[in-house]
Amino acid sequence: MVAHSVSAAELVLVEKGRSLAPLVISTDAPPASVAAAKNLAVYIEKISGARPELITGAPSPLPSHAIWVGIQPAMTNLFSGLDISFQKPEEILIACNGRHLLVAGRDRITGSNQTEFGTANAVYTFLQKDLGVRWLWPGELGEDFVRRDKISLSPSEYRFHPQFRTRLMYYPRERAKADVNTWWDVCQRCRGSAELPPSHSFQDWWELYHETHPDYFALLQNGKRALPEDGSEKSKKSVKLCVSNPRVAAQWLDNAEKTLKQNPHQATAGAFPNDGGGWCFCERCKAWDNPNGPKVMYGDLEYVMLTDRYVKFWNILARGLKERFPDREIFVGTGAYSKYRTPPVAEILEPNILVLYVGSFPVTCEAQRKKEKADWKAWADKATVLLYRPNLFGYSGGPWGLPSIALKNTIEDMPFLARNKGVGLVVDSALNNFATMGPQNYLIAQLAYDPLQDGRALLDDYYRRGFGPAAEVVRAYFELLEEAHDRFVEWNGFFTGGGYRKKGIEVFQLIYTDEFLDRAEKKLLDARGMVARGPAIYQQRVTFVRNGLEFIRLQVRIMQAMKRVRATEGKDAGAVRTAVELCNEREKLFQRAAPFALDGPRINSQIQRCEMRDYLGPPSEAFTKAAARTVDPDEE
């Protein structure tokens, strides 16, 4: 990062309702830059009441003052001596010389796709850093800026390039709408340039090769080279390979060469093993394993982790790619996951291997967090390129909208990744529940673009800009939710796996008690009183957060009601009726809550997909029918 002042006059963009500098963009600017330029004009108008004229192409004569979005031929004369070569990936430059403003960055087009969005990221950085715009959460309610009659800039030069070149946060978007805030992750600059390796890269191999090359596939513990489960489509996609078989590597290299020649801009070839079990136990594969590796269970068999085996395999692929494409930088894309998540004992990775580490920190228990960070550091000692792909919110309440908040850990762990060879972040389980997890979502998104910035200052700004006079009380409310999350993940027996979900529902009821929820409610009532006489936006935002607390209370009451339904196998008609009524209340809350407060459809789909319906309702048809055939104890 470079930021310094330059000696020259102040540049005035808007004064007393008059725009004094048009906004200029080139005719061949990529669509992302054009969209960003239009949004810049919109926000200048929102802040000052005056929208600058948007000019496409070089104006003639050149204006005496202008905002230039993206590099254009006129820059050479207008910004004499300014380096605009952009040597770093995604590098951005914001420069003011007292007469003109340049907001630009390195843009790259790969084939028909834009792969670097430097100019767009420069615009959103300028909006945040220089014009003070915030997108606290998606939608108009989460947008914050300060109106002023005059927008002026002192001469300066600011450069930055993000260390994390992959920044993917899978928050739902409403791309059909024109409102920029529905593209929340774009405003947060969570749109990176590094190519992501395909997850689980061999899902079509069984269909392609099991008849002609059965030797490609794992020798299972039952002595057969077969599907690991029941022959279903799922088991076909989880089948493992006999990686010590040289014909497997040769086939992979032939396939990769064909694909890479057809796609000359592709930089990664995936070799990420399929999900699930079914590992190879042939003598040749076992000979590749390091006997000093950590011991784990494979069914009833205790055996070592398979990391060294897979690193041997990936190294063969990496060297083969280098031989076939000596003049191209191509990575073998794979992962640290499952039975190969711990670092290798002895093997060192070839430099053209990209490892996607799958973990759960910072949103997990302290013991697991420390273990995973130690593993990450050990991987960093033996690998060149590491990306972090955490299942952050899948096991600690997130799938059902309950708060998965670990702000203190996030502030520590994001810089840790950056200082230990981390070059990317992919949050696959990001949640659109901003009423219950707003600060957590905002913090991760901001730190993804600049993981070395001050996370505490980010949160200070979030609460102050979002809630004004109630900032400290709202902060205390979310810190209370963070304490509850800490208690949940430190509960005896917690682990990050689907098998904990049912036990977790019992634990939630012990943590989110009426006494706890009343304490949380008291803080938000205090916050409501503090903003009652101020701007309406603060009142609306407190209500937004209160919707989240109402949902938490409803969700716990539903758990309690469904526990009674299960205990009576649906024969307690009163319990069934109570559960149904509570679930209907939940649906009504989803409908009336402010947009982006709670992602009702996703929460409901998670309940169904994770087989949690009989724990989080509504009662199944079998329970409802059972209740209809019995006498309601309350009516006897």
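Note that these values count all heavy atoms, side chains included, but never hydrogens, waters or copies made by symmetry.
Taking the side chain as every heavy atom from C-beta outward, F331 and T384 never approach each other to under 4.5 Å. Two residues are said to be in side-chain contact when any heavy atoms from C-beta on lie closer than 4.5 Å; P294 and T307 fail this criterion. Counting heavy atoms from C-beta on, the side chains of L447 and L425 never come closer than 4.5 Å. For the pair P362 and L407, the minimum side-chain heavy-atom distance is 4.5 Å or more. Under the 4.5 Å side-chain criterion, counting only non-hydrogen atoms from C-beta, H161 is not in contact with E90. At least one side-chain heavy atom of F313 sits under 4.5 Å from a side-chain heavy atom of L317. Contact annotation: the side chain of L102 never approaches that of E157 to less than 4.5 Å [non-hydrogen atoms, C-beta and beyond]. Side chains of P601 and I603 form no contact here, defined as non-hydrogen atoms less than 4.5 Å apart.
For R134 against Q128, the heavy-atom pair with the smallest separation is NH1-O, 3.0 Å. Counting all heavy atoms, side chain and backbone alike, W376 lies closest to N420 at NE1-O, 3.0 Å. Between V473 and K523, the closest heavy-atom pair is CG1-O, 3.0 Å. In this structure, W314 and A271 approach most closely via the heavy-atom pair NE1-O, 3.3 Å. Nearest heavy atoms, L260 versus R328: O-NH1, 3.1 Å.
Between the OG1 atom of T125 and the CD1 atom of I92 there is a distance of 3.5 Å, given to the nearest 0.5 Å. The distance from atom CD of E366 to atom CG of D486, rounded to the nearest 0.5 Å, is 9.0 Å. Atoms CG and OG1, from L354 and T166 in turn, are 7.5 Å apart once rounded to the nearest 0.5 Å. The distance from atom CG of D144 to atom OH of Y462, rounded to the nearest 0.5 Å, is 11.0 Å. With rounding to the nearest 0.5 Å, the separation of CG in D375 from OG1 in T342 is 6.0 Å. Interatomic distance, SG of C365 versus CZ of R487, reported as 16.0 Å (0.5 Å rounding).
Between F79 and W68, the gap from one ring centroid to the other reaches at least 6.0 Å. The distance between the ring centers of F434 and W184 falls below 6.0 angstrom. Between Y388 and F361, the ring centre distance stays below 6.0 Å.
For the ring pair (Phe, Tyr, Trp, His ring centres under 6.0 Å) with F160, the qualifying choice from F86, Y124, Y449, F126 is Y449, the only one to do so.
Ring-plane geometry between F508 and F488 is classed as parallel, the angle between the planes falling under 30 degrees on a 0 to 90 degree scale with a further cut at 60. Between Y340 and Y310, the angle of the ring planes lies from 30° to 60°, which puts this pair in the tilted group. The aromatic rings of F495 and Y500 sit perpendicular to each other, their planes meeting at more than 60°, with 30° as the lower class boundary.
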Stepwise side chain to side chain donor-acceptor pair (under 3.5 Å) check, E91 with Q87
CA-CA 7 Å; E91 184 178 354; Q87 298 299 311; over 6 Å; no

Could you walk me through whether S193 and R165 pass the side chain to side chain donor-acceptor pair (under 3.5 Å) test, one step at a time?
CA-CA 5 Å; S193 61; R165 291 188 53 206; 3.1 Å; yes

Stepwise salt bridge (Lys or Arg N to Asp or Glu O under 4.0 Å) test for K373 and D413:
CA-CA 8 Å; K373 289 174 70 175; D413 292 353; 2.7 Å; yes

Using side chain to side chain contact (heavy atoms under 4.5 Å, CB included), reason through Q114 and I109 one step at a time and then give a plain yes or no.
CA-CA 4 Å; Q114 186 170 354; I109 306 295; 3.7 Å; yes

Chi angles and distances behind the side chain to side chain contact (heavy atoms under 4.5 Å, CB included) call for I411, R456
CA-CA 7 Å; I411 289 170; R456 292 175 181 81; 3.6 Å; yes

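Annotation: cation-pi geometry not satisfied between R167 and F164 (NZ/CZ under 6.0 angstrom from ring centroid, within 45° of ring axis). A cation-pi arrangement is present between K129 and Y158, with the terminal nitrogen or guanidinium carbon under 6.0 Å from the aromatic centre and inside a 45° cone about the axis.
For D107 (side chain) and G118 (main-chain N/O), a donor-acceptor pair under 3.5 Å exists by modelled atom type. In this structure, W137 contributes its side chain and M437 its backbone to no donor-acceptor pair below 3.5 Å. Formation of a donor-acceptor pair under 3.5 Å by the E482 side chain with backbone atoms of K408 is found in this model.
We find that K382 and E347 are not joined by a salt bridge, their nearest charged nitrogen and carboxylate oxygen being 4.0 Å or further apart. Checked for salt-bridge contact, R475 and D460 meet the test: a charged N lies under 4.0 Å from a carboxylate O.
Side-chain contact of T364 with R369: a donor-acceptor pair under 3.5 Å is absent, judged by distance alone. Using modelled atom types, one finds a donor on one side chain and an acceptor on the other under 3.5 Å when comparing T410 with Q440. Inspection of the Y43 and E143 side chains reveals an N or O donor paired with an N or O acceptor under 3.5 Å.
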